[in-house]
2 protein chains.
Amino acid sequence: MISNSPAILGPVTTTDVRDCSIARTLEVVGEKWSLLAVRELMLGSDRFEEIVRRTGAPRDILTTRLRKLEAHGLVEREPYQDRPVRHRYRLTALGWSLAPVLTMLRDWGDTHLVGPEGPPVTLRHTCGELLRPRIHCAACGEAVTSRDLEVVTDGTSDRG
Amino acid sequence: MISNSPAILGPVTTTDVRDCSIARTLEVVGEKWSLLAVRELMLGSDRFEEIVRRTGAPRDILTTRLRKLEAHGLVEREPYQDRPVRHRYRLTALGWSLAPVLTMLRDWGDTHLVGPEGPPVTLRHTCGELLRPRIHCAACGEAVTSRDLEVVTDGTSDRG
DNA sequence: CCTGTCAGTAGGAAAATCCAACTTAGTGAG
DNA sequence: CTCACTAAGTTGGATTTTCCTACTGACAGG
């Protein structure tokens, strides 16, 4: 094996870790409560108290999550009064761009984690039907399954 | 406000927490390293050591994650030798059904978290183009944006 | 004056994660 | 035979996060 190099070839390269966009994304929104806060903002909550209530997140944790989302440009925090200064939260376009991620997480739960009573929340498409999301290829328009995909790495080093 | 009920209407229902499929899904795969383990399995790693190497997860944590994924039926663990007994891991169909979630997480990172060198990993669709995933409505076939969706809750209690 | 609201902070307990070392039953090299 | 190495963990303890409860400040309503 090349990667577990013996002493002659130098120190073992401890990072065979894949540099991948999934990992990068999870660095931003992968901590507990982050995606649920984003969900709440998408569903219309814009005040701290409401997000606390609807997610169940500890207040201090939610504070740090919202600050992190703000730092990454997914959320804007704007004062809506002073004395005392209060803020509301709003998703930016970048924040809204997470919608497909949440849609797929929701769909997975809808499909595999519900009882006979059905999904607690559903989304209705403008076509009138409840949304069953499918991934299509933007280039050819066809529906995509994992069998239609081939992994392409640039071959160098640890990326993959 | 109805939800913050005064004493007359009974004790404050501490759980205004939304029962939603996103939260349920995150209960299963939302902990650190879970989705990265699934990613590795999708990319072809099937041995414990390899998943450790490629994700960078602590071995003990990865063990508990794989056990949890197995308990939920996303992963199968099968012995491939005894003396000493060794196992390999494989995604079940249920595990593979997470592919759209990972696809969207990857796409978000590809779109927003890459430098000029581009994404570290890309997926090629059978049509020949690199995959740019879009969500379509299974019912009408149209591409979906968040503006085309209406939230439907059953109205009762805390679900939403 | 008393209570309640909102958006946090503070302090300390509890839980999760991380890390390095160890185990077990082998295989291959010298 | 001995040494080094492998795979799939397990163990103990340090570190880091998360959680929980209570508190703050500045106001509004009764």
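Keep in mind it's a predicted model, so treat the numbers as computed, not measured. Lettering follows sequence order; numbering is per chain, from 1.
- Remark: A:R90 pairs with A:E76, A:E78 by the salt bridge (charged side-chain N to carboxylate O under 4.0 Å, His left out) rule, at least two apart or across chains.
- Among residues two or more places apart in sequence or in another chain, the salt bridge (charged side-chain N to carboxylate O under 4.0 Å, His left out) test is passed with A:K32 by none.
- In this structure, CG in A:L41 is found 10.0 Å from CG in A:L74, a value given to the nearest 0.5 Å.
- One atom, OH of B:Y89, and another, C1' of D:dA8, lie 7 Å apart when rounded to the nearest Å.
- Counting only heavy atoms from C-beta outward, the side chains of B:L66 and B:R77 never approach each other to under 4.5 Å.
- The side-chain contact (heavy atoms from CB on, under 4.5 Å) check on A:L113 picks up A:W108, B:R24, B:T25, B:V28, with sequence neighbours excluded.
- Listed by first then second residue, pairs satisfying ring-ring contact (aromatic ring centres under 6.0 Å, His included) with a partner in residues 63-105 of chain B number zero, not counting sequence neighbours.
- Atom CD1 of A:I51 is separated from atom P of C:dC6 by 13 Å (rounded to the nearest Å).
- The overall bend of the helix from C:dC1-D:dG30 to C:dG30-D:dC1, read as the angle between its terminal helix axes built from five base pairs each, is 0° when rounded to 10 degrees.
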Classify every nucleotide of nucleotides 13-26 of chain C by which part a protein heavy atom approaches to under 4.0 Å, writing B for the base, S for the sugar-phosphate alone and - for neither, in 5'-to-3' order. ----SBB-B---BS

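- Atom C1' of nucleotide D:dA26 and atom CD of A:E49 are separated by 15 Å, given to the nearest angstrom.
- Between the CD atom of A:E50 and the P atom of C:dT5 there is a distance of 14 Å, given to the nearest Å.
- Using a 4.0 Å heavy-atom criterion, one finds that B:R88 contacts no nucleic acid atom at all.
- Whole-Å rounding puts the A:Q81 CD to D:dA26 C1' distance at 9 Å.
- Counting to the nearest Å, the P atom of C:dC6 and the CD atom of A:E78 are 17 Å from each other.
- By the side-chain contact (heavy atoms from CB on, under 4.5 Å) test, A:L123 pairs with A:R106, A:L131, B:L149, B:V151, sequence neighbours left out.
- Residue pairs meeting the side chain to side chain donor-acceptor pair (under 3.5 Å) criterion with at least one partner in residues 137-152 of chain B, sequence neighbours excluded, are B:T145-B:D148.
- Atom CZ of B:R90 is separated from atom P of D:dA8 by 15 Å (rounded to the nearest Å).
- Residues passing the salt bridge (charged side-chain N to carboxylate O under 4.0 Å, His left out) test with A:E49 are A:R59, sequence neighbours excluded.
- Rounded to a whole Å, the NE2 atom of A:H87 is 15 Å from the P atom of D:dA26.
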